[in-house]
Each structure stands twice: as C-alpha cells, then as structure tokens.
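Scroll down for the structure; my scribbles are underneath it.
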Amino acid sequence: MKPLVLVVEDEAPIATLLKYNLERDGYRVVDARDGEEALILASEHKPDLVILDWMLPLLSGIEVCRRLRRQNTGAALPIIMLTARGEEADKVRGLNAGADDYVTKPFSPSELMARVRAVLRRSRPGSEAEQLSCDDLVMDLVAHRVKRANRDIHLGPTEFRLLRYFLEHPGRVFSREQLLDAVWGADVYVEPRTVDVHIRRLRKAINNDGERDLIRTVRSAGYSLDPHGLGSA
Ligand code: CA
C-alpha cells in the first residue's frame with residue numbers, strides 16, 4: 001500500500017499544493033488544519049510521515065512534534081517541519097523537538113517531494129519501489145534507466161516522466177488533459193496535442209520492430225499502459 005502522509009497546515013493554499021503534489025506522486029494524504037486535529041488524526045490514521053507546519057492554531061508545530069515523539073506510536077514517525085522561519089536557531093529548535101528534516105517556506109514542491117522520498121527511504125528501507133516494470137520493460141528509478149528485453153532505452157525527460165506515470169498506474173486510461181496535469185503540471189499551459197507528440201516519441205523509443213506496443217490508444221478517451229497485450233481499441 002502507498003505510504004500515508006499527514007499534512008498539518010492551516011494555510012489552505014499551501015495545504016492544497018502539498019496535497020496535490022503528494023497525491024500526484026502516489027501518496028495517500030490526510031490533512032489537519034490545527035495542532036489538536038493533527039494529534040487526533042495521527043493516532044487515528046497511523047501515518048507513515050507527517051509534514052508539519054510550525055505556526056499553527058491551538059498547538060504549535062513544535063509542540064505537536066514533541067507530543068508525537070512522547071507517544072509510543074509516534075516515537076519513530078518521520079516528521080518534516082515546514083516553516084517561514086529561516087533562522088538557524090529555529091532549525092535547531094525544530095530538530096531538537098524531534099523533527100527529521102526541516103523545509104523553509106517558500107519551498108519548491110519538487111525539492112520537498114525529494115525530501116519526502118528521502119525521509120521515507122530512511123524510515124522504511126526497501127519499502128519504496130526502486131523498479132517499475134511492465135512485461136519485458138523495466139524502469140530503474142534509482143539509476144534513472146530504462147531497459148526493454150535487456151537493451152538500453154534512451155528517453156528524454158518528458159518521455160521518462162510519462163512512462164513512469166504509466167508504469168505507476170498500469171492499465172488505467174488517462175485523457176490527454178489528465179496526462180498534462182500529471183506529467184507537465186497543472187499550472188503549465190501546453191496544448192493537449194503535445195501529449196500525442198510525446199506518446200509517439202515514447203512508443204518509438206520503447207517498441208522495436210516486432211515487439212508488442214506497450215502503450216494502448218483508447219479512441220476518444222486517451223492512452224494507457226497495456227500490461228496484458230490487449231492491443232489498440
Ligand atoms: Ca501556518
């Protein structure tokens with residue numbers, strides 16, 4: 001099962017941004033808007049990771065962090081503190097209260113997601129998929145390499161992300177718009193037709209002559225990774 005992340009943030013736009021990025025990367029998310037709700041949700045849902053804002057109503061992030069650490073279930077729970085404060089003294093206070101990592105606002109979502117993966121890798125060794133595969137195609141997420149039938153496949157960054165997204169959701173059909181949101185980002189304006197161009201490049205890269213086409217075109221619906229060889233529909 002995908003790791004569950006508890007997001008504790010009282011500023012709605014930031015909470016939404018966090019939730020969007022986490023879900024896009026396949027995490028499950030529960031969110032709390034204040035410190036007391038955070039403690040309740042943490043004991044109810046037993047999350048795998050907490051992203052915890054420092055300035056919160058009712059109980060500060062530091063206090064939530066300390067209380068989680070005092071509980072049996074929270075003693076080993078990874079916590080990333082999020083804060084507008086950038087001073088070294090605050091960072092030390094946060095880490096002393098038991099936070100595993102510390103991210104200063106404003107943060108870049110991709111950097112935060114990298115921290116999330118790193119913290120989870122440390123706390124759940126071996127639990128995160130390091131390889132994704134479909135049929136005879138294998139994507140190595142650590143080495144950032146793709147092979148099909150043991151030959152190296154060279155992909156551009158967009159094709160790599162596109163293929164990764166398909167591999168994470170085998171068999172699911174995505175519209176061009178859904179792929180744009182997931183792979184290019186919702187805030188980037190790109191013509192839906194651009195997706196077709198990248199799908200064409202991806203197909204050309206991964207399918208040799210005589211090999212089964214792993215990407216299925218679903219007429220008037222979009223595309224999916226085809227793990228069972230159903231062919232085009
Ligand atoms: Ca806040």
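In each ligand, atom 1 is the first atom listed, and ligand 1 is the first ligand listed. Every value quoted in this text rests on a predicted model; they were computed, and no experiment measured them.
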Basic-acidic side-chain contact under 4.0 Å: Asp226, Arg212 = yes

Are Asp10 and Arg33 close enough for a salt bridge, meaning some N to O gap below 4.0 Å?
-> no

Would you indicate whether Arg193, at its atom CZ, is surrounded by more than 12 heavy atoms from other residues, nucleotides or ligands within a distance under 6.0 Å?
-> no

For Phe174, enumerate each residue passing the ring pair (Phe, Tyr, Trp, His ring centres under 6.0 Å) test, keeping only those at least two apart in sequence or located in another chain.
-> Tyr165, His169

Between Arg148 and Met139, is any pair of side-chain heavy atoms under 4.5 Å apart?
-> no

Provide the tally of protein N/O/S atoms nearer than 3.0 Å to the Ca ion (ligand 1).
-> 3

Hydrophobic cluster membership, Leu56 vs Leu59, 4.5 Å side-chain cutoff = yes

